[in-house]
Amino acid sequence: MPAPLSIVIPTLNAAGELPETLAALTEGLQAGLIRELVVSDGGSNDATPSIADAAGATLLTGTPGRGGQIARGVEASKGDWVLILHADS
């Protein structure tokens, strides 16, 4: 049975913060506590998309705007529960 928790991370040029955030979630993914990571990007022009891809996250791209990015991420998520986590948290 897949884990019920999806994590949605809205990003915009978050290459400086995103690797540490994703690294902190790796153990939960490997242990089966987290179903998926969804990175909802607002058009970054840095390495954010490639960092998300390398981590195995589902990458969504669209127009910038935190509310819209979160909505896209939630809509694409498959978990019963969704946690919105900002890359700079």
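If you're wondering where the values come from, they're calculated on a predicted model, not measured in any experiment. Excluded from the calculations below are hydrogen atoms, water molecules and symmetry mates; all remaining heavy atoms, backbone and side chain alike, are included.
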- CD1-CG distance between I34 and L29, expressed to the nearest 0.5 angstrom: 4.5 Å

- Could you walk me through whether L33 and L5 pass side-chain contact (heavy atoms from CB on, under 4.5 Å), step by step? CA-CA 7 Å; L33 301 173; L5 179 63; over 6 Å; no

- Query: Can you name the closest pair of heavy atoms from A47 and A15 and give their distance?
  - Reply: N-CB, 4.0 Å

Do any side-chain atoms of residues 58-70 form donor-acceptor pairs under 3.5 angstrom with protein atoms, and if so which ones, sequence neighbours left out?
unit_1, atom_1, unit_2, atom_2, d
R66, NH1, H86, ND1, 3.3
Q69, OE1, G65, N, 3.1
Q69, NE2, T11, O, 2.8
Q69, NE2, S40, O, 2.7

- Message: To the closest 0.5 Å, what do you measure between CG (D88) and CG (L18)?
- Response: 10.5 Å

- Message: Looking at every heavy atom in both P49 and D41, which two are closest together, and how far apart are they?
- Response: CG-OD2, 4.3 Å

- Query: Can you pull the side-chain hydrogen bond (donor to acceptor under 3.5 Å, both in side chains) pairs that have at least one residue in residues 14-34, sequence neighbours excluded?
  - Reply: none

- Task: Please report the shortest heavy-atom distance between A14 and P19, naming the atom on each side.
- Result: O-CD, 4.4 Å

- Are side-chain heavy atoms of V38 and V74 found at a separation under 4.5 Å? no

- Query: Atom CD of E36 and atom OG of S6: how far apart are they, to the nearest 0.5 Å?
  - Reply: 3.5 Å

- Output for pair (D46 CG, I51 CD1), nearest 0.5 Å, gives 6.5 Å

- Query: Any chain of hydrophobic side-chain contacts (each under 4.5 Å) joining I7 to L22?
  - Reply: yes

- Taking N13 for the side chain and N45 for the main chain, is one N or O donor matched with an acceptor at less than 3.5 Å? yes

- Query: Will you find, in the side chains of D53 and S50, an N or O donor that is under 3.5 Å from an N or O acceptor?
  - Reply: no

- Task: Kindly indicate, with the supporting measurements, whether the criterion side-chain contact (heavy atoms from CB on, under 4.5 Å) is fulfilled by L37 and L25.
- Result: CA-CA 9 Å; L37 298 175; L25 301 170; 3.5 Å; yes

